[in-house]
Amino acid sequence: DQQVKQNSPSLSVQEGRISILNCDYTNSMFDYFLWYKKYPAEGPTFLISISSIKDKNEDGRFTVFLNKSAKHLSLHIVPSQPGDSAVYFCAASLRLYSGAGSYQLTFGKGTKLSVIP
Amino acid sequence: KAGVTQTPRYLIKTRGQQVTLSCSPISGHRSVSWYQQTPGQGLQFLFEYFSETQRNKGNFPGRFSGRQFSNSRSEMNVSTLELGDSALYLCASSSGWDRRIQNTEAFFGQGTRLTVV
């Protein structure tokens, strides 16, 4: 049972336009969401995160939107650049302990973004 | 500040052998998690250690084990290797969840590419 889903395996966008990557989740207990970018043969690089108490978080060209009622989040990249071409993973976290808690991430299967010059 | 270091980067083993992978987290981080990435399953959580204790474990067989040392460095071991264990193994470090900190992120190493032949 896949708790975090990225339904688009790939996305192509023209340079300078907006890239929108989508993610859906099923577990309403998830309370923290993250986006990671990954190049082949490298570890994921953290991009941006959002707590479940917020509905938007912005960092430069990257904005994450969270719609808790729909159990949906999206990552917007504006403007898209060729260097943004990578696989993007959506991840959700479930805090299991109070205090300094356990950190388990559940990942989607990723969306490969290609930004065309 | 040094990042997460995983050794070795690449490893080739034969079926039935065992393997030990190493991870040094970011200085000051006490939580270390391990993930397996395969083309078919994406990134899957193996286990998480905090202060030398395994606090959380994913759905993997007992052949997969780990430990954490007092300096927070962690090792994972896979015994009786199978062809299906071929994957990129990623280690992530985090300071651990803290109520006072809204945003905590897990930072990944570059991974160890294990090939079982």
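Throughout, protein chains are lettered first and strands after them, A, B, ... in sequence-line order, and every chain is numbered starting at 1.
Dense packing is recorded around CG of B/N71, with more than 12 heavy atoms of other residues, nucleotides or ligands lying under 6.0 Å away. Other residues, nucleotides and ligands contribute more than 12 heavy atoms inside 6.0 Å of the CZ atom of B/R9. Atom NZ of A/K5 is surrounded by 12 or fewer heavy atoms from other residues, nucleotides or ligands within 6.0 Å.
Considering only residues two or more places apart in sequence or on other chains, A/R17 meets the side-chain hydrogen bond (donor to acceptor under 3.5 Å, both in side chains) condition with none of them.
In this structure, B/F60 is a member of the same hydrophobic cluster as B/F47, with clusters built from ILVMFWY side-chain heavy atoms closer than 4.5 Å. At a threshold of 4.5 Å between side-chain heavy atoms, the hydrophobic network of Ile, Leu, Val, Met, Phe, Trp and Tyr places B/L81 and B/L83 in one connected group. Each of A/L73 and A/V78 belongs to its own hydrophobic cluster when Ile, Leu, Val, Met, Phe, Trp and Tyr are linked at side-chain heavy-atom distances under 4.5 angstrom. B/M76 and B/V19 fall within a single hydrophobic cluster, where Ile, Leu, Val, Met, Phe, Trp and Tyr are joined by side-chain heavy atoms under 4.5 Å apart, directly or via other members.
Residues of residues 107-117 of chain A placed with any heavy atom under 4.5 Å of a heavy atom in chain B are listed by number as A/F107, A/K109.
Proximity to chain B is absent for every atom of A/Y39, based on heavy atoms less than 4.5 angstrom apart. The contact between B/L90 and chain A is made entirely by side chain atoms (from C-beta outward), counting heavy-atom distances below 4.5 Å. The part of B/Q37 that comes within reach of chain A is its side chain, from C-beta onward, which places non-hydrogen atoms under 4.5 angstrom from that chain.
Of all non-hydrogen atoms in A/E42 and B/L88, the two that sit nearest each other are O-CD2, 4.2 Å.
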Yes or no on side-chain contact (heavy atoms from CB on, under 4.5 Å) for A/L105 and B/Y35, after CA distance, side-chain angles and deciding distance? CA-CA 9 Å; A/L105 294 174; B/Y35 293 82; 3.2 Å; yes

